[in-house]
Novice: 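This structure is in structure tokens; I'll ask about it shortly.
Each chain gets a letter, A, B and so on, in the order the sequences are listed, and its residues count up from 1. Keep in mind that the numbers below use all heavy atoms, side chains included, and drop hydrogens, waters and symmetry copies.
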Amino acid sequence: MDSKVRVRFAPSPTGGLHIGGVRTVLFNYLFAKHHQGEFILRIEDTDQSRFVAGAEEYILDTLKWCGLSPNESPVHGGEYGPYRQSERKAIYHEYAQKLIQEGHAYYAFDTSQDLEEKRKEVPNFQYSRAHRMEMKNSISLSQKEVAELLAQKTPYVIRIKIPDAEQVHFVDMIRGEVSFDASTVDDKVLLKADGMPTYHLAVVVDDYLMKITHAFRGEEWLPSAPVHILLWKYLFGLDKMPQWAHLPLILKPEGSGKLSKRDGERLGFPVFAMDWQDPKTQEQTIGFRERGFLPEAFVNLLAMLGWNNGTEQEIFSLDELIEQFSIDRVHKAGAKFDYEKAKWFNQQWIQKTDNEILAHLVKPYLDAAQIEVHEWEYLVKVIGWVKERCHLLPDFVTQSAFYFKAPETIDTASIQSKWNTDKQDFFIALANDYEKFISSHESSVESSTDFPKDAISLETHFKNLAAERPIKLGELLLAFRIMLVGGKFGPGVFEIVEAIELKDAMQRIRTSLSLLSTN
RNA sequence: GGCCGGUUCGUCUAUCGGCUAGGACAGCCCCCUUUCACGGGGCAAAGACGGGUUCGACUCCCGUACCGGCUACCA
């Protein structure tokens with residue numbers, strides 16, 4: 001790179017950040033950091049009717065959670081501010097005027113009703129060469145009429161004047177050479193009647209002023225690229241234009257089309273990075289963070305949606321991604337989102353994450369489930385014992401609750417049908433033995449060497465006790481497990497007894513016995 | 001309709017003219033586990049179609065089909 005790489009993510013603050021948006025951020029960020037460049041966040045709040053309070057803060061929080069914080073932004077500051085387009089109105093006016101003076105743009109006075117009627121009247125109406133003379137604008141009207149309308153403060157927009165016959169082409173970093181016949185695009189509005197620029201003007205002006213070298217955006221922008229190319233040509237020169245990269249879309253898991261918030265609701269998985277509540281409707285939308293994804297996993301899975309390093313490696317840390325990212329390994333085609341695979345990435349990252357760190361992340365879920373943790377060290381140990389069977393953070397609640405308190409529901413149904421007095425006697429004996437061990441331990445302070453409290457001796461004791469009886473060991477073990485944890489899951493039973501200790505184990509046996517009948 | 005983009009197992013993808021088309025997720029089977037997972041092993045599963053170019057095409061070219069995106073004073 002001849003000059004310092006500068007990229008930007010430019011969302012409009014209209015709601016929660018969708019995974020497609022986060023992936024655009026990610027690729028921007030990876031590209032910038034790979035080239036020791038800068039990543040800029042610019043807020044495109046030019047549509048006042050769609051502005052949503054809190055959305056900008058949400059975006060910043062999301063970037064922070066993902067570890068993708070910008071070098072420059074409305075809150076981080078920077079040399080090229082302001083970073084909110086609503087605060088840059090005067091700048092856009094200046095460039096719009098320049099375009100008008102040079103004959104590349106014009107005033108249009110048509111009201112929205114005028115346009116609506118015209119669209120009804122003319123099928124496939126385009127505000128372009130074919131019809132612009134039929135409309136009310138500074139090309140169709142005389143200079144005098146235009147001056148009068150302006151003097152009367154008639155509301156107007158400024159439109160780009162698309163040239164009659166021009167082949168517009170550019171090289172996309174992902175798609176290669178792309179070309180358009182300019183006559184197929186219409187005279188897009190650049191400056192709206194409320195004085196705000198549209199995306200088309202703002203993106204070009206700001207990318208120039210903010211010295212953006214590489215512009216990443218979703219594939220849905222490809223059709224308007226010729227407008228932007230033309231504006232670059234008229235305003236700043238094509239040699240100054242950033243290199244474009246139009247990223248493939250993230251698609252619905254089933255059927256076809258762009259992934260939307262609704263798909264998540266319908267299919268039961270998050271689409272937004274974090275929980276979002278619409279301030280107007282109060283509508284809650286679940287996020288990956290709250291569903292129990294680790295940011296490392298979230299970033300990892302997003303990176304793999306459209307990029308890979310050519311090997312069979314699938315698990316990457318952010319640093320590895322930065323080191324290995326390369327734009328020419330980005331896929332052209334859209335990718336369907338697969339929630340099952342997303343969970344797999346999270347499971348992989350849970351295994352890689354330190355127990356102490358996981359404990360901090362899991363604690364809030366335990367609190368929410370009203371599971372009391374008295375000893376931090378014990379929590380950390382429990383995390384280590386159960387982590388391999390957890391895909392999402394809330395899985396830790398179900399997988400570890402029994403380490404902290406007796407199960408609330410006991411799946412007696414799984415053992416009731418084969419329950420009999422032999423088994424009942426066995427467990428009464430077991431509970432009695434445990435009670436005996438406890439009291440002997442309490443009375444003779446340090447001396448009880450034969451007191452079984454580690455998993456191995458507990459298992460030996462259990463087996464010896466079972467050997468005296470005409471019952472299959474497997475059935476006893478299953479029953480014991482259910483008594484201890486409430487269901488058919490969890491680590492080895494004797495490790496659990498060791499962890500929760502004999503007194504708890506004894507009580508759980510007795511509680512369960514009271515629930516089982518032997519008839 | 002027009003314009004633009006895309007097309008390898010169900011899904012994410014590898015392959016940059018030599019392929020018995022590889023991996024991962026999901027599915028199924030086996031092992032491990034006297035539970036559930038984890039883990040290990042295995043099975044099944046793909047080049048949209050038709051033409052070229054070439055000794056050879058999934059890879060390059062053309063056409064068709066299908067899918068998607070855009071077609072707002074929204075981004």
Side-chain angles (χ1 to χ4, degrees), chain A residues 10-14 44-47 49-50 108 110-112 115-116 119 123-127 155-159 172 174-175 178-181 183-186 188-200 202-203 217-226 246 248-249 251-258 301 304-315 328-329 331-345 347-348 351 386-391 395 398-399 411 414 463 472-482 484-485 487-493:
Chain A
S12 48
T14 55
E44 309 222 334
D45 54 348
T46 56
D47 185 357
S49 65
R50 294 214 309 158
D110 320 273
T111 63
S112 37
L115 289 167
E116 211 175 294
R119 286 192 182 106
N124 301 323
F125 171 76
Q126 283 217 123
Y127 205 119
Y156 65 84
V157 299
I158 294 177
R159 287 179 182 271
D172 186 277
I174 295 170
R175 284 149 219 288
V178 183
S179 71
F180 299 82
D181 182 347
S183 65
T184 62
V185 328
D186 60 353
K188 294 283 181 216
V189 170
L190 300 178
L191 207 68
K192 299 184 265 188
D194 66 0
M196 282 288 193
T198 59
Y199 173 84
H200 307 297
V203 72
R217 56 176 20 169
E219 192 186 349
E220 70 269 25
W221 288 107
L222 211 38
S224 46
H246 290 90
L249 266 18
L251 276 12
K252 300 176 193 295
E254 47 166 49
S256 48
K258 259 203 291 192
L301 74 93
M304 300 316 285
L305 238 36
W307 179 87
N308 69 80
N309 73 349
T311 72
E312 280 165 9
Q313 183 179 355
E314 292 193 273
I315 302 301
D328 37 58
R329 291 208 62 91
H331 234 249
K332 289 186 178 74
K336 288 188 180 177
F337 180 68
D338 181 358
Y339 189 53
E340 290 306 316
K341 182 108 191 204
K343 285 196 287 191
W344 175 79
F345 276 107
Q347 189 261 132
Q348 294 292 306
Q351 307 323 309
V386 304
K387 71 195 284 189
E388 69 188 24
R389 57 200 74 215
C390 295
H391 285 74
D395 293 345
T398 45
Q399 290 296 335
D411 177 21
S414 293
K463 284 181 174 168
K472 273 190 245 159
L473 186 63
E475 290 184 15
L476 290 174
L477 279 166
L478 181 63
F480 196 22
R481 162 176 302 284
I482 288 172
L484 295 172
V485 315
K488 292 190 228 179
F489 62 94
V493 277

Novice: Among B/C25, B/G22, B/C12, find the nucleotide with the atom closest to the side chain of A/Ala335.
Specialist: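 Side chain of A/Ala335 sits closest to B/C12.
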Novice: So A/Ser179, base contact, sugar-phosphate only, or nothing? Heavy-atom distance under 4.0 Å.
Specialist: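 Sugar-phosphate, no base atom in range.
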Novice: Does A/Ser224 have a side-chain nitrogen or oxygen under 4.0 Å from the phosphate oxygens OP1 or OP2 of B/U71?
Specialist: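 Answer is no, no contact under 4.0 Å.
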Novice: Which nucleotide sits closest to the side chain of A/Leu115: B/C73, B/C74, B/G22?
Specialist: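 Out of B/C73, B/C74, B/G22, the nucleotide with an atom closest to A/Leu115's side chain is B/C73.
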Novice: Give the minimum heavy-atom separation between A/Pro491 and A/Arg481, together with the two atoms involved.
Specialist: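 Closest approach of A/Pro491 to A/Arg481, heavy atoms only: O-NH2, 3.0 Å.
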Novice: From the options B/A75, B/U7, B/C73, select the nucleotide whose nearest atom is closest to the side chain of A/Ala333.
Specialist: B/U7
Novice: Which nucleotide, if any, forms a Watson-Crick or G-U wobble pair with B/U71, using both distances under 3.5 Å?
Specialist: B/G1
Novice: Please work out whether B/C60 sits syn or anti, treating a glycosidic angle within 90° of 0 as syn.
Specialist: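 Because its glycosidic torsion lies more than 90° from 0, B/C60 adopts the anti conformation.
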Novice: Take A/His331 and A/Asp110, find for each the nucleotide of RNA chain B with the closest heavy atom, and name the residue whose nucleotide sits nearer the 5' end.
Specialist: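 By nearest-heavy-atom nucleotide position, the 5'-most residue is A/His331.
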Novice: Is A/Arg217 touching bases, backbone alone, or none of the nucleic acid, heavy atoms closer than 4.0 Å?
Specialist: nothing
Novice: Between A/Ser12 and A/Asp47, is any pair of side-chain heavy atoms under 4.5 Å apart?
Specialist: no
Novice: Distance check needed: B/G6 P versus A/Lys336 NZ, whole Å only.
Specialist: 18 Å
Novice: When both hydrogen-bonding distances must be under 3.5 Å and the geometry is Watson-Crick or G-U wobble, what is B/G39 paired with, if anything?
Specialist: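 When the pairing criteria are applied, B/C31 turns out to be the nucleotide that pairs with B/G39.
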Novice: For B/G10, which nucleotide is its Watson-Crick or G-U wobble mate, given both distances must be under 3.5 Å?
Specialist: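 With both distances under 3.5 Å, B/G10 matches B/C25.
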Novice: Can you tell me if A/Asp110 uses its side chain to pair, donor with acceptor, with the backbone of A/Leu115 under 3.5 Å?
Specialist: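 The answer is no, because no donor-acceptor pair under 3.5 Å joins these two groups.
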Novice: Should the pair A/Glu340-A/Lys343 be classified as a salt bridge under the 4.0 Å nitrogen-to-oxygen rule?
Specialist: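 Counted as a salt bridge, because a side-chain N and a carboxylate O are separated by less than 4.0 Å.
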Novice: Answer yes or no for A/Arg389 and A/Phe489: cation-pi contact, defined as NZ/CZ to six-membered ring centre under 6.0 Å and angle to ring axis within 45°.
Specialist: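 Negative - A/Arg389 is either too far from the ring of A/Phe489 or too far off its axis.
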Novice: Nucleotide by nucleotide, 5' to 3', does protein get under 4.0 Å of the base (B), only the sugar-phosphate (S), or neither (-) in nucleotides 28-38 of chain B, counting heavy atoms?
Specialist: ------BBBBS
Novice: Go ahead and name the base partner of B/A48; Watson-Crick or wobble counts if both distances stay under 3.5 Å, otherwise write none.
Specialist: B/U64
Novice: Working note: A/Tyr339 + A/Leu301, criterion side-chain contact (heavy atoms from CB on, under 4.5 Å); need CA distance, chi angles, decisive distance, verdict.
Specialist: CA-CA 10 Å; A/Tyr339 189 53; A/Leu301 74 93; over 6 Å; no
Novice: Consider the side chain of A/Asn308, meaning its heavy atoms from C-beta on, and name the nucleotide among B/C74, B/A14, B/G69 that approaches it most closely.
Specialist: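 For A/Asn308, the side-chain atoms sit closest to B/A14.
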Novice: So if I take every side-chain heavy atom of A/Glu340 and compare against B/G69, B/A26, B/U71, which nucleotide ends up nearest?
Specialist: B/A26
Novice: Could you check which of B/C4, B/C12, B/U15 has an atom nearest any side-chain atom of A/Arg329?
Specialist: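 Comparing B/C4, B/C12, B/U15 against the side chain of A/Arg329, the answer is B/U15.
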